[in-house]
Amino acid sequence: MSIPVEFTFSDLIAGYVTKYDSGTDIFGIKTTDGREFQAKLTPTSYAKLVQNLDEAYPDATGSMRSMLVPGRYLFTYGVFYPDSPIFEAKQIVFVGRQADDYIFEKQNWWVDQVRSLANFYVKAQFGDEEIDYRNYRTTLSLSGVKSTVNFRQETDTISRMVYGMATGYMMTGEEIFLEAAEKGTDYLRDHMRFVDLDEGIVYWYHGIDVQGDREQKIFASEFGDDYDAIPAYEQIYALAGPLQTYRLNGDPRIMDDTEKTIKLFNDFFLDKSDRGGYYSHLDPITLDAVSESLGRNKGTKNWNSVGDHAPAYLINLWLATEKPEYADMLEYTFDTIEKRFPDYENCPFVNEKFFEDWSPDQTWGWQQNRAVVGHNMKIAWNLMRMNSLKPKDAYVDMAKKIAEVMPAVGSDQQRGGWYDVVERALGEDEKTHRFVWHDRKAWWQQEQSILAYYILAGILKEPEYHRLAREAAAFYNAWFLDTEDGGVYFNVLANGIPFLASGNERGKGSHSMSGYHSTELCYLAAVYTNLLVTKQPMDFYFKPIPGGFPDNILRVSPDILPPGSIKIGSVEIDGKPYSDFDADKLFVKLPETKERVTVKVNIVPN
């Protein structure tokens, strides 16, 4: 029995205009799943365009009514009244100036956004002073103010920021971002790295506590889920920033650290039995994945320990080297995902936690039998990347399966955007998967959905994927960008309003947020949109260390894309045209120099 709604409430509707009646000031808006609402403008209704970071407020109130043309996608925030079927539209956000225009598909939208994000983090962490990671703080407030209480520096958050800085440089060529990336990489090596000479491996400390000139190293994780263990994901994300930096400069020290960290993965995290896969945790003393000391994490495997290698560092490592052993490692992880993670006979979501024998662990900690929506989309996105390196029908089939089933169970088809964590199983008489904690939406899960649908649209050329990509990108750009203080919000409410109550979700810097997902989104959304979908060229910047890259070969493919889909259009070195490159193989033969040179590469779609 349904309970009638007999009170007013405000909410958001996302959808496509069906009609507008100038006599009544009422327009129709149809949601992505086909439900139509009637919305009425009022004398105080106002409108704007989606606004990028560092842009002036793009008011559209004066032309609001003329813009209500059929087929146009928009958001409208307003009020439902219990005595009327008409929704009162108080605010409208248009996604472009023309009916078929999506402003975030402009060539430089994501480039401008990454510039603003990188500047925000440089200013927040270092102000106008010299870039010194001794002054880095994990915790940043909503406005980007550093914590004066928490002096813990976590390896992964610094690595995430380094990734953002390296990406900012690659997309804009601004030197301050390169400086921040390289100094951050050096800081990680000097303060967070442990070299085990006996085993020939590198592993990375959880973090350090900084007090003046003194520091105390924190070896094992201190997070509740991973306490007193070495979790695979911390070692994985320790490589994210340095590897993106390596793509710019070819620093052989970074490659040495990477190779030794991969040896850690293959010697200690890898299950060498017929079961296969990577364990999720190691004992910090014995490096044993099945030690009794690990408690509930003994012998376990999970999404992070298997699936996070590719997006965090391994794809970038292959792009920088094209070594077959890294392609093989990628194939191994994706074959494992395709074989072990699906559970479609029972549930529309993948399994994420496993025991040693790959039986699903649906009793572990907070996860229980629950699904992280973004992990499903992350699998689809990365399967499509891998398919361009080693094509397999199984990769495409699984990516398409996820793309087809997830909108109904993981997205908000009323307001737009993608949810966080839901129960995998339906209860008795339930038709909707229940939210675990809330119906808020996290910034990083929007990223996974945007990238999944854009790469699917760009490669498979199916209009439905492009539509879903645009809807996901529209929600993110409309509601997650903090156009006042800079950066992006951690979470928004279901209706797009920022959630600023307390804790990590209020700030711009935390254990979970440090400029990685937001800049990765800018980078790959620009790559997929420009090079695969709208067919526009892009510029990329590099600054190699003399003699750093083996044989002076700089590989410049921005991502694993379908063979033959892109090529080098032109190259400049220190602002002058340069011709020693292979356009189709996507590499530049660097000149012999004693000084560093700036390499600008223009990539064009075929």
Side-chain angles (χ1 to χ4, degrees), residues 133 153-167 170 180-196 199-208 219 221 226 230-270 278-282 287 303-323 325-330 332-333 378 382 385 511-512 514-517 519-520 523-524 548 555 559-560:
Y133 278 80
Q153 293 184 334
E154 295 174 12
T155 300
D156 284 2
T157 57
I158 292 181
S159 181
R160 288 181 171 111
M161 176 164 168
V162 168
Y163 176 95
M165 296 299 105
T167 300
M170 190 183 290
E182 293 184 334
K183 285 186 172 180
T185 299
D186 288 342
Y187 191 83
L188 287 169
R189 299 188 75 253
D190 294 342
H191 297 269
M192 314 296 203
R193 179 186 58 136
F194 182 85
V195 182
D196 188 326
E199 298 287 352
I201 60 175
V202 161
Y203 47 87
W204 303 84
Y205 292 107
H206 172 74
I208 60 175
F219 180 32
S221 179
D226 316 296
I230 301 176
Y233 78 88
E234 287 192 1
Q235 302 302 305
I236 287 169
Y237 277 100
L239 296 179
L243 240 299
Q244 188 76 330
T245 304
Y246 179 82
R247 292 179 65 189
L248 307 176
N249 65 15
D251 186 340
R253 300 176 302 164
I254 299 174
M255 183 55 62
D256 184 64
D257 289 340
T258 302
E259 290 171 344
K260 289 185 167 94
T261 307
I262 290 176
K263 191 173 188 298
L264 167 73
F265 294 135
N266 289 331
D267 286 0
F268 296 97
F269 281 99
L270 180 65
Y278 288 89
Y279 292 111
S280 61
H281 294 78
L282 299 180
L287 302 184
W303 153 252
N304 301 102
S305 68
V306 177
D308 267 344
H309 291 274
Y313 76 90
L314 193 53
I315 284 176
N316 286 332
L317 179 58
W318 184 84
L319 289 169
T321 64
E322 294 187 8
K323 287 187 175 180
E325 58 262 39
Y326 303 136
D328 292 343
M329 185 175 176
L330 281 166
Y332 179 78
T333 61
K378 199 171 189 179
N382 284 283
R385 301 168 90 185
H511 158 66
S512 303
S514 188
Y516 170 70
H517 287 293
T519 55
E520 179 184 54
Y523 177 67
L524 291 172
R555 292 174 173 84
D559 195 36
I560 303 177

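Start at 1 with the first residue, then count along the sequence.
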With no hydrogens and no angle check, is any side-chain donor or acceptor of T157 less than 3.5 Å from a backbone partner on H511?
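Checked: no pair found.
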Exam field: side chain S159 to backbone T155, donor-acceptor pair closer than 3.5 Å:
no
With rounding to the nearest 0.5 Å, note down the distance linking [atom1] in [X] to [atom2] in [Y].
X	Y	atom1	atom2	result
I262	L314	CD1	CG	6.0 Å
M192	T185	CE	OG1	12.0 Å
D308	Q235	CG	CD	13.0 Å
R247	L317	CZ	CG	10.5 Å
L282	S221	CG	OG	12.5 Å
E199	L264	CD	CG	9.5 Å

Could I get the full list of side-chain contact (heavy atoms from CB on, under 4.5 Å) partners for K183, not counting sequence neighbours?
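Expected list: E130, I131, Y133, E179.
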side-chain contact (heavy atoms from CB on, under 4.5 Å) partners of R555, counting only residues at least two apart
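side-chain contact (heavy atoms from CB on, under 4.5 Å) list for R555, sorted by chain: E322, I553, F587.
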If every non-hydrogen atom of [X] is compared with every non-hydrogen atom of [Y], which pair is closest and at what distance?
X	Y	result
F219	Y205	CA-CD2, 3.6 Å
A310	L330	CB-CD2, 3.7 Å
L243	N316	CD1-C, 4.2 Å
S305	Y279	CB-O, 3.4 Å
G548	P252	CA-CD, 4.2 Å
L239	W204	CD2-NE1, 4.1 Å

Using the side-chain contact (heavy atoms from CB on, under 4.5 Å) rule, pick out the option among L188, I254, T167, D251 that qualifies with T245.
I254
Less than 4.5 Å apart, any side-chain heavy atom of [X] and any of [Y]?
X	Y	value
Y516	Y237	yes
I230	F268	no
P311	R385	yes
N304	I236	no

In terms of the angle between their ring planes, are H309 and Y313 parallel, tilted or perpendicular, with boundaries placed at 30° and 60°?
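The arrangement is perpendicular - the two ring planes meet at more than 60°.
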Does D257 come within less than 4.0 Å of R253, counting only side-chain N to carboxylate O?
no
Applying side chain to side chain contact (heavy atoms under 4.5 Å, CB included), run through Y326 and T258 and close with a yes or a no.
CA-CA 12 Å; Y326 303 136; T258 302; 5.8 Å; no
Polar contact flag, side-chain donor to acceptor under 3.5 angstrom, Y278-N266:
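There is such a pair (donor and acceptor under 3.5 Å, judged by atom type) between the side chains of Y278 and N266.
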Yes or no on side-chain hydrogen bond (donor to acceptor under 3.5 Å, both in side chains) for Q244 and Y523, after CA distance, side-chain angles and deciding distance?
CA-CA 12 Å; Q244 188 76 330; Y523 177 67; 5.2 Å; no
